[in-house]
Amino acid sequence: MYSTTSPYRIITVCTGNICRSPMAALMLTEAFEAEGLGKLVVVDSAGTTGYEVGHPIDPRAARKLTAHHIASEDHVARQWRQEWFAERDLILALDVDHFGWLQEGAPDRESLAKVRMLRSFDPMMAGRSSLDLGIEDPWYGGHTDFDNTWTLIKAAIPGIVRHVGAALAEDPRSSASDVRDGATEHQQVTSMS
């Protein structure tokens with residue numbers, strides 16, 4: 001199907017890379033697979049800090065993902081690397097502080113244009129200030145906070161899938177048949193119900 005070595009690359013970014021960003025990355029990976037775009041899109045995650053480098057996903061995040069049949073046992077936390085500005089097509093910040101940190105670190109306008117708040121893709125948040133689009137760190141809370149994190153991420157996923165599908169349709173790296181066979185046959189993300 002897709003024969004180039006250059007897929008569309010997305011990275012999700014939070015603080016420690018053990019809660020929000022791995023949840024978002026794994027949920028997005030599942031969504032792109034469900035849309036037939038799994039071979040065209042690669043999603044990974046990182047943290048703005050090195051506090052949790054080498055640690056597995058938070059058990060509460062893993063529990064929430066497992067409840068929706070999404071495996072997370074292979075996740076290992078890592079810290080953001082500057083070269084990823086050039087290597088990623090879309091950089092999704094999970095909270096306002098991550099968004100500001102990524103904007104400040106962007107080496108050029110092209111990199112800056114890649115940085116978006118994840119929830120900016122939620123149609124219910126259209127027109128809202130980036131200050132209203134953050135997902136608070138569930139690490140300080142309990143299972144309910146992880147449930148809320150899931151819900152907020154999930155609401156943005158169809159918009160991200162549409163955005164990437166449109167980008168792929170315009171991208172010379174993918175053929176029209178690759179995108180048609182994947183994204184355009186599915187108008188809505190149906191997994192993770």
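Reckoned from all heavy atoms, side chains included, excluding hydrogens, waters and symmetry mates.
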* **Candidate pair Asp145 and Glu136, rule side chain to side chain contact (heavy atoms under 4.5 Å, CB included), full reasoning** => CA-CA 9 Å; Asp145 298 286; Glu136 292 182 15; over 6 Å; no
If you round to the nearest 0.5 Å, how far is [atom2] of [Y] from [atom1] of [X]?
| X | Y | atom1 | atom2 | result |
| --- | --- | --- | --- | --- |
| Glu170 | Leu168 | CD | CG | 10.0 Å |
| Leu90 | Phe121 | CG | CZ | 5.0 Å |
| Ser130 | Met125 | OG | CE | 10.5 Å |
| Thr149 | Arg60 | OG1 | CZ | 10.0 Å |
| Arg63 | His143 | CZ | NE2 | 5.0 Å |
| Ile18 | His75 | CD1 | NE2 | 8.0 Å |

Please check if [X] and [Y] belong to a single hydrophobic cluster, counting links between Ile, Leu, Val, Met, Phe, Trp and Tyr side chain heavy atoms closer than 4.5 Å.
| X | Y | result |
| --- | --- | --- |
| Val13 | Leu152 | no |
| Ile91 | Ile135 | no |
| Trp84 | Val53 | no |
| Val41 | Val115 | no |
| Leu28 | Ile57 | yes |

Mind listing the closest non-hydrogen atom pair of [X] and [Y] along with its distance?
| X | Y | result |
| --- | --- | --- |
| Leu65 | Ser72 | CD1-CB, 3.8 Å |
| Pro138 | Arg20 | CD-CG, 3.6 Å |
| Thr49 | Gly16 | OG1-CA, 4.1 Å |
| Asn17 | Ala77 | OD1-CA, 3.2 Å |
| Met23 | Phe146 | CE-O, 3.9 Å |

Less than 4.5 Å apart, side chain to side chain, heavy atoms only: is that true for [X] and [Y]?
| X | Y | result |
| --- | --- | --- |
| Val161 | Phe32 | yes |
| Arg78 | Ser45 | no |
| Thr15 | His98 | yes |
| Ile153 | Arg119 | no |
| Cys14 | Thr48 | no |
| Ile11 | Leu92 | no |
| Gln103 | Leu112 | yes |
| Thr29 | Val42 | no |

* To do: Would you please indicate if the ring centroids of Phe85 and Trp80 are separated by under 6.0 Å?
  =>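 Yes, they do, as the ring centres are separated by less than 6.0 Å.
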* Test Arg88 against Ile10 for side chain to side chain contact (heavy atoms under 4.5 Å, CB included), laying out the working first. => CA-CA 6 Å; Arg88 300 303 186 274; Ile10 300 171; over 6 Å; no
* Would you please test His163 and Arg116 for side chain to side chain contact (heavy atoms under 4.5 Å, CB included) and show each step? => CA-CA 12 Å; His163 172 82; Arg116 299 275 303 268; 4.0 Å; yes
* Asked: Taking it one step at a time, do Gln79 and Tyr51 satisfy side chain to side chain contact (heavy atoms under 4.5 Å, CB included)?
  -> CA-CA 8 Å; Gln79 187 173 3; Tyr51 302 144; over 6 Å; no
* To do: Please check if atom CD in Gln82 has more than 12 non-hydrogen atoms from other residues, nucleotides or ligands closer than 6.0 Å.
  =>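 Check passes, neighbour count above 12.
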* **Heavy-atom neighbours of Trp139 CH2 exceed 12 at 6.0 Å** =>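 Atom CH2 in Trp139 is not packed in, count stays at 12 or less.
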* **Parallel, tilted or perpendicular: ring planes of Trp150 versus His68, cut at 30 and 60 degrees** =>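 Correct class here is parallel.
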* Asked: Are Asp132 and Ser129 close enough, and set up right, to give a side chain to side chain donor-acceptor pair (under 3.5 Å), and what steps lead you there?
  -> CA-CA 5 Å; Asp132 296 327; Ser129 162; 4.9 Å; no
* To do: Would you please test Arg9 and Asp44 for salt bridge (charged side-chain N to carboxylate O under 4.0 Å, His left out) and show each step?
  => CA-CA 8 Å; Arg9 299 201 51 135; Asp44 59 356; 3.6 Å; yes
* Distance-only, no hydrogens or angles: does the Ser111 side chain make a donor-acceptor pair with backbone N or O of Pro107 under 3.5 Å? ->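 Pair absent, no side-chain N/O of Ser111 close to backbone of Pro107.
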* Asked: Would you call Asp89 and Lys114 a salt bridge, taking side-chain N to carboxylate O under 4.0 Å as the test?
  ->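 Judged by the 4.0 Å cut-off on N to carboxylate O distance, Asp89 and Lys114 do not form a salt bridge.
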* side chain to side chain contact (heavy atoms under 4.5 Å, CB included), paired with Ser21, selected from Leu26, Thr12, Asp95 ->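 Between Ser21 and the candidates, side chain to side chain contact (heavy atoms under 4.5 Å, CB included) is satisfied uniquely by Thr12.
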